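Working notes, structure below.
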Amino acid sequence: MTNPKLLQLLGLAARARKTISGEELVIKEIRSGKAKLVFLASDASNNTSKKIQDKCTFYNVEYYVFGDRYDLGHATGKEARVAIAITDSGFAKKMSSLLNEN
């Protein structure tokens, strides 16, 4: 089940230019230490999921498997997206608290 509040907040972060989407760009943000939180689509390929989860674990970045690629893409106003990194700590903190409520 997708959380509408979280999707709205994700859209707001995208409009504020505090998101990075796309597998390779997200991995680059994780490596550079700019990614505060990462969303991974539940329908991402096994290879992509493992790569991003391993990077997040190694660099100690919080990540969540959330929604599918169309939910993430629609929330950010783009086509289907498999991975999205949040680069702002304020947005990341609020999204994390919304996800941990459930």
Side-chain angles (χ1 to χ4, degrees):
M1 186 182 108
T2 56
N3 184 337
K5 275 188 179 177
L6 186 65
L7 291 174
Q8 289 171 349
L9 196 59
L10 189 56
L12 190 62
R15 287 191 296 283
R17 298 185 180 268
K18 301 295 181 187
T19 62
I20 302 292
S21 62
E23 179 188 349
E24 293 304 320
L25 292 173
V26 167
I27 289 171
K28 185 176 154 198
E29 292 298 306
I30 293 168
R31 279 191 189 128
S32 70
K34 292 179 185 169
K36 310 294 184 219
L37 178 70
V38 174
F39 288 107
L40 186 60
S42 59
D43 59 348
S45 72
N46 291 338
N47 186 30
T48 300
S49 294
K50 182 175 179 351
K51 192 186 299 184
I52 290 178
Q53 288 173 357
D54 288 351
K55 286 284 181 230
C56 285
T57 303
F58 184 79
Y59 288 98
N60 201 23
V61 175
E62 194 175 359
Y63 72 91
Y64 291 96
V65 176
F66 178 79
D68 62 17
R69 65 182 69 211
Y70 302 106
D71 290 335
L72 293 178
H74 182 72
T76 57
K78 296 189 166 68
E79 293 294 315
R81 293 288 186 252
V82 172
I84 297 178
I86 308 299
T87 57
D88 181 76
S89 56
F91 277 118
K93 190 174 175 184
K94 180 63 178 170
M95 289 176 185
S96 183
S97 71
L98 281 172
L99 282 161
N100 291 326
E101 276 178 5
N102 301 339

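By convention here, the first residue in the shown sequence is residue 1. Every value quoted in this text rests on a predicted model; they were computed, and no experiment measured them.
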Shortest non-hydrogen separation from A83 to I52 and the atoms involved: CB-CD1, 3.5 Å

For the student: nearest non-hydrogen atoms of S21 and L25, plus distance: O-CD1, 3.6 Å

Any side-chain donor near an acceptor of the partner, T87 and E29, under 3.5 Å: no

If you measure from [atom1] on [X] to [atom2] on [Y], what distance do you get to the nearest 0.5 Å?
X   : Y   : atom1 : atom2 : value
Y64 : L37 : OH    : CG    : 6.5 Å
F39 : L99 : CZ    : CG    : 5.0 Å
T48 : Q53 : OG1   : CD    : 10.5 Å
K34 : Y59 : NZ    : OH    : 14.0 Å
I27 : C56 : CD1   : SG    : 9.0 Å
K93 : K36 : NZ    : NZ    : 13.5 Å

Flag, side chain of S96 to backbone of A92, donor-acceptor distance under 3.5 Å: no

Side-chain (D68) to main-chain (D43) donor-acceptor, under 3.5 angstrom: no

By side-chain hydrogen bond (donor to acceptor under 3.5 Å, both in side chains) - contacts of S42 (at least two apart): none

Single-linkage hydrophobic cluster, 4.5 Å side-chain cutoff, F91 and F66 together: yes

Transitive ILVMFWY side-chain link L98 to I84, under 4.5 Å: yes

Contact list for residues 11-33, test ring-ring contact (aromatic ring centres under 6.0 Å, His included), sequence neighbours left out: none

Sole candidate of V38, I86, V26 that passes side chain to side chain contact (heavy atoms under 4.5 Å, CB included) when paired with V61: V38

Compile the donor-acceptor pairs under 3.5 Å between side chains in residues 6-19 and protein atoms, sequence neighbours left out, one pair per line.
{"unit_1": "R15", "atom_1": "NH1", "unit_2": "G11", "atom_2": "O", "d": "3.4"}

E24 vs K51 side-chain heavy atoms within contact, under 4.5 Å: yes

